4 protein chains.
Amino acid sequence: MDNKPRKERERQAKKQDILKAAREVFAQKGLHAATLDEIAEKAEFAKGTLYGYFQSKDDLFASMLEEELVKFEQCIIQVLNLPLAPAAKVEKLVKTMLLVFEQNEDFLRLLSKERPGMSNIQVGEKMMDHFKTLTRLVSGMVKDGIKEGVFAAKDPVRTSVALFNLVHGSAMSSLLNHKKINDPEEAKFLTGLFLNGIKA
Amino acid sequence: MDNKPRKERERQAKKQDILKAAREVFAQKGLHAATLDEIAEKAEFAKGTLYGYFQSKDDLFASMLEEELVKFEQCIIQVLNLPLAPAAKVEKLVKTMLLVFEQNEDFLRLLSKERPGMSNIQVGEKMMDHFKTLTRLVSGMVKDGIKEGVFAAKDPVRTSVALFNLVHGSAMSSLLNHKKINDPEEAKFLTGLFLNGIKA
Amino acid sequence: MDNKPRKERERQAKKQDILKAAREVFAQKGLHAATLDEIAEKAEFAKGTLYGYFQSKDDLFASMLEEELVKFEQCIIQVLNLPLAPAAKVEKLVKTMLLVFEQNEDFLRLLSKERPGMSNIQVGEKMMDHFKTLTRLVSGMVKDGIKEGVFAAKDPVRTSVALFNLVHGSAMSSLLNHKKINDPEEAKFLTGLFLNGIKA
Amino acid sequence: MDNKPRKERERQAKKQDILKAAREVFAQKGLHAATLDEIAEKAEFAKGTLYGYFQSKDDLFASMLEEELVKFEQCIIQVLNLPLAPAAKVEKLVKTMLLVFEQNEDFLRLLSKERPGMSNIQVGEKMMDHFKTLTRLVSGMVKDGIKEGVFAAKDPVRTSVALFNLVHGSAMSSLLNHKKINDPEEAKFLTGLFLNGIKA
DNA sequence: AATGAATGAGATTTCATTCAT
DNA sequence: TATGAATGAAATCTCATTCAT
C-alpha cells in the first residue's frame, strides 16, 4: 500500500491547522503575550502535540511568519507579472495589497507589530530579506516605468518603499478605525496620490 | 528653608530617569517582553522603587507613551503654526518629523509596535485620540492648501494619514536598514512624492 | 481501556493531597502568613502544579475550608439523627465534637483563626452560612428537649451557640495547653455544666 | 527647667497614638495582612517614625497586645475584688466582660484571631501567661463559691475556662451577626446557663 | 525626633517545555 | 503520534526595614 503520502498529507494538514491558529493568536496578542495554551486550544490539539510539529514557540512563530511572507511575496509577484502598463500596474498592485490585507488582517497586524526590532534575531533577518526582495521586485516595475518615460526618474528603491508604506499604513489605519480596508475609494486615492501627488 | 521645590524638582528628575529607561526598554522589547528588572537596572533604581513613582508596569508604560505623544503633538503644532505657504509647510513638516524620529528612535519604534490592538485598552484609546488630533491638525493645513488653490481637492483626512504613513514608514525603513533617518535626500524625496507623485 | 475513572480517581487523590497540605499550613499560619511554597512542598508538588487544581491561593483556601465545614456539618447531623434522649444526645454531641477536633486539630485552629472578619468576603459568607446551619440543627435538638420538658424553656438559638462555644473553647484550650482534647473527664464536665450549671 | 517629664509625657502620648492605630489595624486585618503603612497613616506619623518607638512590626504587635491584655486583666481583677456573693460576682463578671468586649471590639477580635498558634513564639508565650493568670484569678472565685457551698465541687480551672469561653464566644457571635455585644438579655442568659444549666 | 524615598527579599502567578502514558 | 499533568524559571508586585536629610 502506498499510504505514506496520505499520512504525510494528513500531517501537513494538521501542521496547517496549527499555523492558522498560531497566526490568529500571534496577530491578536503579539509574540510574547500569546500563549501556547491558546494556540493549542484554537488548533484543537493538546499543548504537547505542537512540539511534534515545531521545536519551540519561537520556531512556530517564525514558521508561521515565513509562510505568510512567502504567500504575500508570491501574490505580489503574480501582479507584477501581469501584462499591464506601469500606471495600471500600480493601481492593480495597490488594490491587490489592500485585498490581501483585508483577507488576512492577522498578517497585516503582524507586519506592524513584529517588524521593528524583533528580539528573535533570526526571524528579524528573514523578515528583512523578504522586504528587500519585495523592494527589489517593485523597484523593477518602477524602473520599467522610468524607461518607458511614464515615471519621473526618481529613486526607484525609495519609491518602492514609499508605495508599500502608503498602502500598509492605509490598511492599518482602516483596521484601527473599523473601516473597510479594501475600499475602492481608498485604492483610487492612494494610486492617485502615488502617481500625481496632491498638488493642484 | 524653602527646599520643598528642590525636593520636588529632584523627584521629577528621578521620574524622568525612570521614564527614559522605560522608553528605551519598551521600545526595544515591546510592552510584554520588557521586564521591570531591565527597566529598573537601566534607571539605576531598585525594582521596588519604580512603584513609588508608578502604580504598575502598565501605568509606567501608559505614562511614558502619553508623554512622548504629547511632545510629538506639540512639535507638530509648532510647525503647523509657522507662517509658511502650504507646500513649504509640507516640506518643513516632513523634515521635522524625520528629525524627531531620528532624535527619538524609541518613540519611532513604539509607534509601530504598540499602535495596533493594544491589549491595554486605556492606552489604546489614548493613542487613538492623539492620532485623531494629529490627523485633524494636518487636515487643516491640507484644507488651507486647497482653499489657496495650491492643493487639488482630494480628501484632506486621507491625505493627512497618507503623509504620516509616508514619513513614519520611511523612518522605520531607515532604522531597520541602519540608514540615516533624517536624510535631506529622503526628506526631499518624500516631499516631492507627496506633492507631485512619481508621474513624469 | 476504561481507565478514565482511574485517571479521574488519581486526580482526585492528588487534589486531596494538596487540600490536606493546605489545611495543615493554613491552620498553622493563617491565610496570609501561609505560603504556597510551603503548601507545595508539603504536598510534594511543584508550586505551579497547584494551579492545575485551584485557581489561586484564595480559591485553595476557600475549597479547603468548605470541605472541612461540610464534613463537620455532616458529622453533627449524624449525631443529631441518633435515637437518643435530649440529655444523652447533648453528651454524645459534646463527645463527638471533641473527637472531631482531636482528629482534626487543623480544623479546630481554622475555626478560631479565620472566623472573624475574613478579608475574603466570599469565604466569610460561606462560613457564616455553615454556622447558621449548625445553629439551626442544634436548636432543633434543644427545642425537642424543651417540648419533652427536660430542658428549661431558654432561648434555643443562644443555647446552641453557647454549646458550640463551650466545646470549641475547651478544645482550643486543651490544644494550647498540650492536653488531650477528647478527654472523657472534659466531656463529662462540659456536659454537666451545660445541663446543670455549677450551682450546688 | 524641669521639662524632661513633659517631653517624656509627650513621647508616651505619641506612643499611645501609635498603639491605638496598631490595635485597630491589627484587629481588622490580622498580624500578617496589616501593613505598617496603614498603621502609620492612621497614627498620623511617617512610617519610619514608628521605628523610633518600636523595634519592629512584631514588637509593635506584641506591645499592643500586651497592653490590652494587662488592661483586660486589671479590669477582671477589679471585679473579682468587689465585695459580692459568688453568684452575683459571676453575673458582674459576665456583664463586665461583655462591656469590655463591646467597648474594645479590636481586642475581642485579636483574642480570637491571634490566640492559636502564634508564629511569633514570644507573643504566644506571653498570651498564654495572661490566660493562665486569668484562669487562676477566676478559679479563686469559683473556689470561694465551693467553700461557701453555693457552687458544686466541680473542677475550678475547667470551670473558669468554660466561663471565659462562654462569654468570649458569645461576644464573637454577636459581633459577627451585627448584634449588640453587651446585651442585658445575653448577660442574663449566659449567667443563668453557667450557674444552672439548661435542664428543666 | 521625624521623615519618606529607596531597598530587596519574598510572595503570588504564568507559561514554555518535558515526559510518562 | 497525541496527550496533558508536572515542572520551575521568571515575571509582577508588596512591604518591613534602613538611612540620609
Side-chain angles (χ1 to χ4, degrees), chain A residues 7 10-11 14 31-41 43-61, chain B residues 1 3 6-7 10-11 14-15 18 32-40 43-60, chain C residues 1 3 6-7 10-11 14-15 18 32-40 43-60, chain D residues 7 10-11 14 31-41 43-61:
Chain A
K7 281 237 176 157
E10 279 174 5
R11 186 177 165 80
K14 287 173 185 175
L31 170 55
H32 236 84
T35 68
L36 287 187
D37 272 299
E38 195 176 349
I39 294 171
E41 196 183 13
E44 292 177 280
F45 280 108
K47 199 171 18 165
T49 305
L50 305 196
Y51 284 83
Y53 293 85
F54 302 95
Q55 289 178 353
S56 66
K57 187 190 184 186
D58 274 11
D59 179 34
L60 172 55
F61 179 78
Chain B
M1 272 187 300
N3 60 7
R6 199 202 63 211
K7 279 247 179 145
E10 280 175 5
R11 186 179 167 78
K14 287 171 185 171
K15 194 167 182 174
I18 296 171
H32 273 87
T35 69
L36 288 184
D37 269 302
E38 195 176 351
I39 295 171
E44 292 177 281
F45 281 110
K47 224 184 327 182
T49 304
L50 305 196
Y51 286 84
Y53 292 85
F54 301 95
Q55 290 180 348
S56 65
K57 187 191 184 184
D58 273 12
D59 180 36
L60 173 54
Chain C
M1 271 187 302
N3 60 7
R6 199 202 64 209
K7 279 246 179 148
E10 279 174 5
R11 186 178 167 79
K14 286 172 186 173
K15 194 167 182 174
I18 296 170
H32 274 87
T35 69
L36 288 184
D37 269 302
E38 196 176 348
I39 294 171
E44 292 176 281
F45 281 109
K47 224 180 331 178
T49 305
L50 305 196
Y51 286 83
Y53 293 86
F54 301 95
Q55 290 180 348
S56 66
K57 187 191 185 185
D58 273 12
D59 180 35
L60 173 55
Chain D
K7 282 239 176 154
E10 281 174 5
R11 186 177 165 79
K14 287 172 184 174
L31 170 54
H32 236 83
T35 68
L36 287 186
D37 271 298
E38 194 176 350
I39 294 171
E41 195 183 14
E44 292 176 281
F45 280 108
K47 201 173 15 166
T49 305
L50 305 196
Y51 284 82
Y53 293 85
F54 301 95
Q55 290 178 352
S56 66
K57 187 190 184 186
D58 273 12
D59 180 35
L60 172 55
F61 180 78

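All values below come from the heavy atoms of this structure, side chains included, with hydrogens, waters and symmetry mates left out. Lettering follows sequence order; numbering is per chain, from 1. The model shown is predicted, which means the values in this text are computed figures rather than measured ones.
Rounded to whole Å, atom P of F:dC15 lies 12 Å from atom CD1 of D:Ile39. When the C1' atom of E:dT12 is taken as reference, atom CG of C:Asp59 falls 14 Å away, rounded to whole Å. Summarising the geometry, the separation between CD on C:Gln55 and C1' on E:dT13 is reported as 13 Å, rounded to the nearest angstrom. Rounded to a whole Å, the CG atom of D:Asp37 is 14 Å from the P atom of E:dT3. Rounded to whole Å, the distance from CZ on B:Phe54 to P on F:dC13 is 13 Å. With rounding to whole Å, B:Leu60 atom CG is found 12 Å from F:dT12 atom C1'. Per the geometry, CZ belonging to C:Phe45 stands 14 Å off C1' belonging to F:dG4, to the nearest Å. For the pair A:Glu38 CD and E:dA16 P, the computed distance is 11 Å after rounding to whole Å.
For the pair A:Leu50 and B:Gly48, both in contact range of DNA chain F, the more 5′-proximal nearest nucleotide belongs to A:Leu50. If you find the closest nucleotide of DNA chain E to C:Thr35 and to A:Ser56, the one lying nearer the 5' end belongs to C:Thr35. Of the two residues contacting DNA chain E, namely A:Ala34 and C:Leu36, the nearest-nucleotide position lying further toward the 5' end is that of C:Leu36.
In this structure, D:Thr49 reaches the bases: a heavy-atom distance under 4.0 Å links it to at least one base atom across the strands shown. Within the 4.0 angstrom heavy-atom criterion, base atoms lie near D:Tyr51.
The shortest heavy-atom contact between C:Ile39 and C:Ile18 is CG2-O, 4.4 Å.
In this structure, D:Lys47 does not reach the E:dG4 phosphate: none of its side-chain N or O atoms is under 4.0 Å from OP1 or OP2. Put simply, B:Tyr53 has no side-chain N or O that comes within less than 4.0 Å of OP1 or OP2 on E:dA5. Applying the 4.0 Å criterion to OP1 and OP2 of E:dA1, one finds that D:Lys14 has every side-chain N and O outside that range.
Applying the Watson-Crick and G-U wobble criteria (two distances, each under 3.5 Å), E:dT21 pairs with F:dA2. Checking F:dA9 for Watson-Crick or G-U wobble geometry (two distances, each under 3.5 Å) identifies E:dT14 as its partner.
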Taking distance alone, no hydrogens or angles, what donor-acceptor pairs closer than 3.5 Å link side-chain atoms of residues 48-58 of chain B to residues at least two apart or in another chain?
residue	atom	partner	partner atom	Å
B:Thr49	OG1	B:Ala46	O	3.4
B:Ser56	OG	B:Asp58	N	3.4
B:Ser56	OG	B:Asp59	N	3.1
B:Lys57	NZ	B:Leu31	O	3.0
B:Lys57	NZ	B:His32	O	3.4
B:Lys57	NZ	B:Ala34	O	2.8
B:Asp58	OD2	B:Asn120	ND2	3.0

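Residue B:Arg11 has its side chain nearest to E:dA5 when only F:dA16, E:dA5, F:dT12 are considered.
Separating the NZ atom in D:Lys47 from the OG1 atom in D:Thr35 is a distance of 8.0 Å, to the nearest 0.5 Å. For the atom pair C:Arg11 CZ and C:Lys14 NZ, the distance stands at 9.0 Å (nearest 0.5 Å).
In this structure, B:Glu10 places its CD atom where more than 12 heavy-atom neighbours from other residues, nucleotides or ligands lie under 6.0 Å away.
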